[in-house]
Amino acid sequence: MNHAVFLDRDNTLIANDGDLGDPSALRLLDGVPESLARLQVQGFKLIVITNQGGVARGRYECEDVEKVHAALSVMLDKETGVSGLIDGYVYCPFHPEGSVEAFRREHPWRKPQPGMLLHAASEYGLDLAACWMIGDQPRDAEAGRAAGCRTILVGSESPTADFTALTLAEAVDLVLKDAAG
């Protein structure tokens, strides 16, 4: 398998308008488990790609991000009955305006740069031209496009995205329609 759907985390998979370092605050958006299961059944790897500038701002630690991701995986697996639904997580703890010196800088992984997608493609042996990036912010589409993926912006329109959809379920419909030829 050499294709994947890269997924932004905040306000694409979970409700989160701020920094989230507490797994107990996780709340899936409507239709997310079913939508991801539909992609997984069709052979897509599912990889979460997320900026986590809260680490740089001192709001939580890298370990907290990893705990949130572990809890998200458990939640999704339980909701879908699929073990290991999410194949991987890649996050960027850097932010140029951070207060934690070790993370206060721009970084090639920070969206809209494509570094996280390029890293995941290398790690998982992916053909980026066969991959999709789905997110809710123009920076998600910009990162996907810079990596050579097709892009879908959920919830708003942007000239940087190849497609737009109102919901993740609609975005998945677009991916699966394309995959069916």
message: Are V5 and C131 packed together at the side-chain level, in the sense that at least one heavy-atom pair is separated by less than 4.5 angstrom?
response: no
task: Kindly indicate whether the side chain of Y60, heavy atoms from C-beta on, has any atom under 4.5 Å from the side chain of V55.
output: yes
Could you grab the distance from atom [atom1] of [X] to atom [atom2] of [Y], nearest 0.5 Å is fine?
X	Y	atom1	atom2	value
R104	R57	CZ	CZ	13.0 Å
L128	M133	CG	CE	12.0 Å
W132	L7	CH2	CG	12.5 Å
N51	H107	CG	NE2	11.5 Å
D140	C149	CG	SG	12.0 Å
I49	F6	CD1	CZ	5.5 Å

message: Would you call the rings of H3 and F44 parallel, tilted or perpendicular, taking 30° and 60° as the class edges?
response: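 The rings of H3 and F44 stand perpendicular, inter-plane angle above 60°.
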Can a donor-acceptor pair be found between the side chains of [X] and [Y] at a distance below 3.5 Å?
X	Y	answer
N16	N11	no
S83	D77	no
E66	Y91	yes
Q113	R139	no
H95	R105	no

Report whether [X] and [Y] are members of the same hydrophobic cluster (ILVMFWY, side-chain heavy atoms less than 4.5 Å apart, transitive linking).
X	Y	answer
I86	V65	no
L26	L29	yes
F94	L118	no

Of all heavy-atom pairs between [X] and [Y], which one has the smallest distance, and what is that distance?
X	Y	answer
L153	P138	CD1-N, 3.9 Å
T151	A161	OG1-CA, 3.3 Å
V68	G21	CG2-C, 3.7 Å
L20	Q52	O-OE1, 4.1 Å
G144	L117	CA-CD2, 3.9 Å
I134	T12	O-CG2, 4.0 Å

message: Out of the candidates C92, C62, P96, only one should pair with F103 under the side chain to side chain contact (heavy atoms under 4.5 Å, CB included) rule; please name it.
response: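 So, applying the side chain to side chain contact (heavy atoms under 4.5 Å, CB included) to F103 and each of C92, C62, P96, only C62 qualifies.
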Matching residue for L36 among V41, L13, T80, V82 - test: side chain to side chain contact (heavy atoms under 4.5 Å, CB included):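 Single side chain to side chain contact (heavy atoms under 4.5 Å, CB included) partner of L36 among V41, L13, T80, V82: L13.
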- request: Flag the pair D8 and K111 as a salt bridge only when some basic side-chain nitrogen lies within less than 4.0 angstrom of an acidic carboxylate oxygen.
  value: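 Yes.
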task: Apply ring pair (Phe, Tyr, Trp, His ring centres under 6.0 Å) to H119 and list each qualifying residue two or more places apart in sequence or on a separate chain.
output: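 By the ring pair (Phe, Tyr, Trp, His ring centres under 6.0 Å) rule, H119 matches W109.
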message: Has Y124 got a side-chain atom pairing as donor or acceptor with D87's backbone, closer than 3.5 angstrom?
response: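 Yes: the side chain of Y124 pairs with the backbone of D87.
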- prompt: Checking side-chain contact (heavy atoms from CB on, under 4.5 Å) for the pair I14/R9: CA distance, chi angles, key distance, verdict?
  reply: CA-CA 6 Å; I14 64 170; R9 189 188 82 177; 3.8 Å; yes
- request: Could you point out which residue of D22, D64, D19 forms a salt bridge (charged side-chain N to carboxylate O under 4.0 Å, His left out) with R59?
  value: D19
- prompt: Are there more than 12 heavy atoms of other residues, nucleotides or ligands under 6.0 Å from atom CD of E61?
  reply: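 12 or below, so no.
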Throw together a table of side-chain donor-acceptor distances under 3.5 angstrom for residues 164-181, partners on residues two or more places apart or in other chains.
| residue | atom | partner | partner atom | Å |
| --- | --- | --- | --- | --- |
| T167 | OG1 | A169 | N | 3.4 |
| T167 | OG1 | E170 | N | 3.1 |
| E170 | OE1 | L166 | N | 3.0 |
| D173 | OD1 | R38 | NH1 | 3.1 |
| D173 | OD1 | R38 | NH2 | 2.6 |
| D178 | OD1 | R150 | NH1 | 3.2 |
| D178 | OD2 | R150 | NH1 | 2.5 |

